[in-house]
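These numbers come from the heavy atoms of this one structure, side chains and all, not from hydrogens, waters or symmetry mates. Every chain is numbered from 1 and lettered A, B, ... according to where its sequence line falls, protein lines coming before strand lines.
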Amino acid sequence: MLRLHYHWKCPPRLVRGLGEVETLARSRRHDPELFPEVRDALEALVPKKLRKRITPEASILADLGLDSLKVVELTMLLEKQLGRPVFLPEWIASVEDPADLTVASLARFLADKR
Amino acid sequence: MIAGCTGALRGGVLYLTLDTRGSSVNVFTPPVALELERELEAGLAAGARAVVLQSAKPGSFVNGVGLLLAASSHAQGAAMERAHILRRCYERLAAAPVPTIAAIEGNCYGCGLELALACDYRIARDSYDTHFYMPELRDYAFVPLFGATQRLPRLLGLRRAMEVLLGERLDARRAARIGLIDRLAPAQGVAATLRSLLSTLRARHWPKRLPERHGSSGAPAIDALPGPERRLARECLRLARLPFARDYRLEDGLREELASFWSSLGTKESERAMSFFFVRQAAKAHGIGSAAYQRPPRLAIAVESRTPALRKLARLLVQRRLPGIEVKARGSIAFSTRKVPGALTCTLGGPRTEADCAAFLPLAGGAAIELVPGAPERPWRRGAALFQVLEQAGFQPIVTSARGRFVSERLLAAFASAMASRPARASLLDFGYRLPAAVRRRVRAGASKGIAEHLSVVLAKECIRALEEGELTHPSQADLFADVLFGFPVVRGGLLRYVASGTSRVASDAARVLGRAVQPKSNSD
C-alpha cells in the first residue's frame, strides 16, 4: 500500500522505461542521432583510458588519437553496427580542418547517408 | 607525454629515435616534429658532435605525415600553420651544424624519405621491408611538400630524381646503386654500419656533407604517363629543374615547392586519390579482420618444389630477405599442392584441395595474388600471418570466396572480351589506366573512342556479379582488383564509385552495392 501510494505521488518521468529516459537525456544534451552507435564503435577502438573522452565534441585525431589505419577499423565497426557500407573518406574530405573531425560530425555524416 | 620522438646523447652522438605513440608505423605529425626539433636543439646545446635519426618501430622508418591530416586540411590558415611546423623541423635538421645520419630500417615513404634527405648521410638495412617510395604524385595526386623536388635532383641528377618522384619503388640495394643512400647495411641490421660511419666521421673531425650537383639532363617522357598524371608530373619536372638554374638558392626552391603543393592539394583528383588509401586498407581489413601493420613473429615457411610456380615462389621468398621469415623444409605456413599436417597450407595453382587456402597468381610477374580460404568465415583472421608475409614479400593479396573460377580469372576474361582486339592502348593510357606489363601486352596499340569507359563498365559489371554472389564480401575488394590487375586510375576514386556516378546501365547497380545514392558526375570530373 505504501509503495502504491508512493507510486502515485512520484513525478511521472521516474516511472518511464529506460529507452524513454535515454531519449529524454539525449534530447536534453542535443546529441546527434547515431551518436550511441558511433560511441560504441569508438569504445571498441580506443584505449580504455581514452573512452571517457568520447563526447560529441571530441576530435577523433587530437582527443582520441585515431590515425588513418584506425579509421579503416572504425569503418568496419560502423558497417557492422549500421548494416550498410560506410565510406569515411567522404566525411574526411568534407571538413575544413582536421579539428572538425569530431564525433558529432561523424554521427551527422552517417545519419545523412541513410 | 611523448608523441613520438626521444633523444639520447651517448659518446658525443645524439640519437633521435622515432616511435609514434599508439601507431603500428611511424607517422611524422606536427607533435612529433616539435619533439624532434626540441630534442635536436637540446642535444646540440649539450655538445653533440653528430646526430643519428633512427626508428624504434620494426618495419617502419617513417611511413608518412598522416593521411588523415592531409585529406582533411582544406582551411589554409590552420593547415599552413601545421605545414610550417613540419617544414621548420626539416630545415632545422638540414641546417644542423654537425653531420646528421638517417639510419633507415623499414619503410621510408613520402615525408619519411624527405626527412632522410634532410640528413647529410643515409644508411639503410638490406632487407625487403626497407624500401623507399614517394606516394605523393602517384598515389595521392599532390606535389611533395618537404623538399624532395629540390633535394633529390641535387643528389641524384634530374632523370633519377624524376623516377623517384614519379613513384618508382626502390629497395635498399637499388637505393645504394643510384646514390640515394651512402652505405648499405647487412640484413641483420644497421648497428655495425652506423658504428663504422661514425668512426669515419670522427676520424675526419665530423665533416658536414658538401652539397652535390649532378646532371640536369634526361627528363622523363611525360606523355608516356597515364593522362591524369601528366599535369602534376610536368609541374614536378619544372620544380626539379630549378636546382640547376644559375643563382639558385635552396630556400627559393622550397618556397616554390610549397606554393605548388597548395595548388595541388584540395583538388578533386587528390581527394579521390587519397580516398583510395582507405579502399585499399578496407579490402585488407575485410580479408583478414584488420588493416593494422603487424610483422609476423619469427616464422618458418615451407615451400614444396613440386611445380614451377611453387619453385618460383620459393626463390622469390628467399630473394626478398624478409626479416624473421625463413624458408625451411617444415614450417607453420606451407605452400604445397596438398594439405600439410600441422601447417596452414596454401595451394598454388591447380585444382583446389582440402588445403586451408587456394592461391592464384593471375599475372605473371605481377603483384596480385588471390587467396581463397577453405573455411567459410570472413574475415579470415587465421590467415593474417600468411597475408602479412605475402604483403611484405611485395605481393598484393586479396581474400575472396571464389567458387569455380577465381575472381581475378573472370575479371581478366571480362577484360579480354571488352578489348576484343580493338586498338586501345593509347585510349586506356589517356583515361588513366596504368596497365601492368602482362596485361598491356594483350592490348593492341592505338586508340578507340569510348573504349576506356566501356572497359570500366564491363569490369564493374563483373565485380557487381561477384559481390552479389558472395564471392567478394565488400566493394573495396572489387576496387582493389581493378587497381592491381588493370591499374584503374586512383584519381577517379575507385572503379565502382566511378561507374556509380556515371550514366551507364550499370551505374545504379554500382551505387547499390556501394550503399549510396548516385551523385551525377559534374563537368569538372
Side-chain angles (χ1 to χ4, degrees), chain A residues 34 37 41-42 44-51 53-54 58-106 108-114, chain B residues 3 20-25 27 29-31 63-79 81-82 266 268 270-286 289-293 379 467 474-476 493-494 496-497 512-517 519:
Chain A
L34 295 187
E37 286 84 351
L42 287 168
L45 205 53
V46 303
K48 220 169 167 177
K49 61 186 176 189
L50 293 184
R51 283 180 196 167
R53 290 193 198 174
I54 301 173
S59 153
I60 68 157
L61 266 173
D63 297 317
L64 304 179
L66 263 60
D67 60 16
S68 23
L69 289 178
K70 287 257 164 55
V71 164
V72 175
E73 315 249 350
L74 176 62
T75 304
M76 283 189 72
L77 290 165
L78 289 169
E79 287 183 338
K80 206 170 167 181
Q81 288 258 23
L82 303 174
R84 57 176 165 91
V86 167
F87 191 60
L88 293 186
E90 278 179 17
W91 167 60
I92 294 164
S94 72
V95 302
E96 283 292 296
D97 188 85
D100 301 330
L101 293 173
T102 63
V103 178
S105 83
L106 174 54
R108 276 194 297 273
F109 168 81
L110 293 169
D112 287 347
K113 287 288 168 185
R114 270 198 305 210
Chain B
T20 307
R21 218 175 96 250
S23 173
S24 53
V25 298
V27 183
T29 59
N63 276 55
V65 76
L67 194 60
L68 212 52
L69 205 63
S72 57
S73 293
H74 300 101
Q76 276 224 345
E81 173 63 31
R82 276 189 292 273
K268 275 277 173 236
S270 90
E271 254 178 48
R272 290 191 211 116
M274 284 192 278
S275 76
F276 202 77
F277 168 86
F278 296 93
V279 168
R280 215 176 259 124
Q281 300 304 322
K284 177 178 175 179
H286 280 276
S290 172
Y293 174 75
L467 281 160
H474 195 266
S476 58
L496 290 179
R497 205 151 260 104
R512 179 173 45 75
V513 299
L514 288 167
R516 62 177 236 176
Q519 297 294 332

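Heavy atoms closer than 4.5 Å to chain A are found in the side chain of B/His474, but not in its backbone. Residue B/Pro31: no heavy atom, backbone or side chain, is found under 4.5 Å from chain A. Of the two parts of A/Ile92, the backbone and the side chain both hold a non-hydrogen atom closer than 4.5 Å to a non-hydrogen atom of chain B. Looking at B/Phe277, the atoms closer than 4.5 Å to chain A (heavy atoms on both sides) all sit in the side chain, from C-beta outward.
Interface remark: of the candidates B/His286, B/Glu271, B/Met274, B/His286 forms the most heavy-atom pairs closer than 4.5 Å to chain A.
With a 4.5 Å cut-off on side-chain heavy atoms, A/Ser68 and B/Gln281 do not count as touching.
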Take A/Val71 and B/Phe278, measure what side chain to side chain contact (heavy atoms under 4.5 Å, CB included) needs, and give me the verdict at the end.
-> CA-CA 8 Å; A/Val71 164; B/Phe278 296 93; 3.8 Å; yes

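Of all the heavy atoms in B/Ala285 and A/Val72, the pair that sits closest is CB-CG1, 4.1 Å. Counting all heavy atoms, side chain and backbone alike, A/Glu73 lies closest to B/Ser290 at OE2-OG, 2.9 Å.
When each of A/Leu69, A/Asp67, A/Leu66 is tested with B/Ser23 by the rule side chain to side chain contact (heavy atoms under 4.5 Å, CB included), just one qualifies, namely A/Asp67.
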